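Read through the structure below, which is laid out as structure tokens, and then see the notes.
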Amino acid sequence: MDKFVIRGGEPLLGTVHISGAKNAALPCMAAALLTDQPVILENVPQVRDIQTTRNLLAAMGAEVELGYGRAHHRTSIHCASLNSPEASYELVKTMRASTLVLGPLVARCGRARVSLPGGCAIGARPIDLHIKGLERLGAKINQEHGYVEATAARLKGGEVVFDKITVTGTEDLLMAATLADGETILENCAREPEVGDLADLLNKMGARIEGAGTPTIRVKGVAKLNGARHRIIPDRIEAGTFLIAGAMTGGDLNIAGCDPTHLQAVISKLHEVGVKTRSNGDSVRVMGDNPFSAADMGTEEFPGFPTDCQAQFIALATQAEGTSIITENIFENRFMHALEMVRMGGNIKIEGRRAIVRGKTPLSAAAVLASDLRASASLVLAALVADGETIIDRVYHIDRGYERIEEKLKDVGAQIKRIGEMFPKKAVAAK
Ligand code: UD1
């Protein structure tokens, strides 16, 4: 298992280029299941979740080509025929977003069999709202042996009101509705930019979707969708992570190739704590030359502060003057990183959904464990300002969603290196 070794204390200086959004690429790849023609996606990040989705689609009979060389961010997916509309437990357990295939499969093939995700590091994460929505569109649902099976000769348009805002739930139903018979109205939808990106691709494929990016989405079902070519939007979470990293390290970092309009909540919070930023077209410069102060923050659905940047904000709060109260409103158990930061010297108390962070505390290097994707990113940030050499174990979590993070960080001055197994397996076995 790879580890990162990070020596803290260097300000991040220079320009970092943002990759395509993993969370937009995943549903767009699933959307290719809706047509027998090729879908070509550009700006797909080369991260492990994309590889997992490739395996998932290939197991169903899709031809998935990941580009090489200069085209290495292009992925073409051709689902001419789908012989096995199924997502196995083996794949769903490594990536919960695999459940995104449920809607498109039942819409295209009339049936789908998808493993139910279990609990995960950040909470229960059920998919009951996906299932309820599909039932509203006429699918028959059967749950047994840890799998959900959905069948429908053809889905029928209907009204779906989500009890709770769900990003992948909105995307799953949106895809299902494109091929349903008649009009579907989705209410209380997620407004995340990734939903809008998926709707753009689907409309290019011939779908008739209006209102993506608002709470109400209307879809007029069509009989067939076509292939299309589409460029994935920039990753706002990767951009947010680098913005916070630039601020924390007292750096001067230009975050290039992002969409500042998707980053407003993070940028406003940085301004509130006293960090300067300047947006210019598709880049944001963060100037961390001033000491910054504490601020309370609560995660919310878009356009609020993203839960996927909460862990990184806690890392920043350990270096702010004063006490910050951070409330996690989306997931029930998303503070694993805080406990690791305490081991590095952070003064953080967890009370239910709240983390109380008292700054400013010097952080000292320690051996820490990455527990999930964004938690790992926050530990990298903490390590960048810690005294000494931090070793972060289980960085496969970070590889799920950040493209070449250690190279990008190194390019802007961080002292970080990736190491493989510390001891060869044989030597351990010989003991
Ligand atoms: C997506 C993102 C993830 C991000 C999250 C919240 C992708 C691939 N992943 O995850 O990075 O952290 O949005 O912004 O885009 N819920 C239910 N029943 C359901 C579905 C969700 O109760 O059927 C609950 C969840 O447990 C959670 C809340 O709704 O408390 C929001 O979850 P949701 O928006 O669905 O998260 P994901 O789409 O899984």
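As the structure lists them, so they are numbered: ligands from 1, and atoms in each ligand from 1. Computed from a predicted structure; not experimentally measured.
A salt bridge is defined here as a Lys NZ or Arg NE, NH1 or NH2 lying under 4.0 Å from an Asp or Glu carboxylate O, and Arg334 with Asp308 meets this definition. Taking a cutoff of 4.0 Å between a charged side-chain nitrogen and a carboxylate oxygen, Arg418 and Glu406 qualify as a salt bridge. Under a 4.0 Å N-O distance rule, the pair Lys156/Asp181 does not qualify as a salt bridge. Arg108 and Asp36 are not joined by a salt bridge, as no carboxylate oxygen comes within less than 4.0 angstrom of a charged side-chain nitrogen. Salt bridge absent: Glu210 and Arg218 never bring a charged side-chain N and a carboxylate O closer than 4.0 Å.
Polar contact check, Thr166 against ligand 1: a nitrogen or oxygen pair lies under 3.5 Å apart. Residue Val167 has at least one N or O atom closer than 3.5 Å to an N or O atom of ligand 1. Residue Leu129 places at least one N or O, backbone or side chain, under 3.5 Å from an N or O of ligand 1. Polar contact check, Glu171 against ligand 1: no nitrogen or oxygen pair lies under 3.5 Å apart.
At a 4.0 Å heavy-atom cut-off, ligand 1 touches Thr307 through the side chain alone. When non-hydrogen atoms are compared, ligand 1 lies under 4.0 Å from the backbone of Ile330 as well as from its side chain. By the criterion of a heavy-atom distance under 4.0 Å, neither the backbone nor the side chain of Gln310 is placed next to ligand 1. Within the 4.0 Å heavy-atom criterion, both parts of His130, backbone and side chain, lie near ligand 1.
Checked options Leu202, Asn203, Asp197, Val39; the residue passing with His230 is Asp197 (criterion: side-chain contact (heavy atoms from CB on, under 4.5 Å)).
A donor-acceptor pair under 3.5 Å is absent between the side-chain atoms of Arg113 and the main chain of Glu149, judged by distance alone. A donor-acceptor pair under 3.5 Å is formed between the side chain of Thr170 and the backbone N or O of Ala190.
Contact between Glu194 and ligand 1 is absent, with no heavy atom of the residue lying under 4.0 Å from the ligand. Using a 4.0 angstrom heavy-atom cutoff, Pro126 counts as in contact with ligand 1. Residue contacts with ligand 1 do not include Glu328, since none of its heavy atoms lies under 4.0 Å from the ligand.
Listed by number with element, the atoms of ligand 1 under 4.0 angstrom from any heavy atom of Asp308 are 3 (C), 4 (C), 11 (O), 12 (O). Of all atoms in ligand 1, numbered sequentially from 1 with element shown, those under 4.0 Å from a heavy atom of Ala97 are 8 (C). Interface atoms of ligand 1 facing Arg334, defined by a heavy-atom separation under 4.0 Å, are 12 (O). Under a 4.0 Å criterion applied to the non-hydrogen atoms of Ile127, ligand 1 contributes the atoms 19 (C), 23 (O).
Around NZ of Lys93, the count of heavy atoms belonging to other residues, nucleotides or ligands within 6.0 Å exceeds 12.
Side chain to side chain, Glu403 and His73 meet the donor-acceptor criterion of an N or O pair below 3.5 Å.
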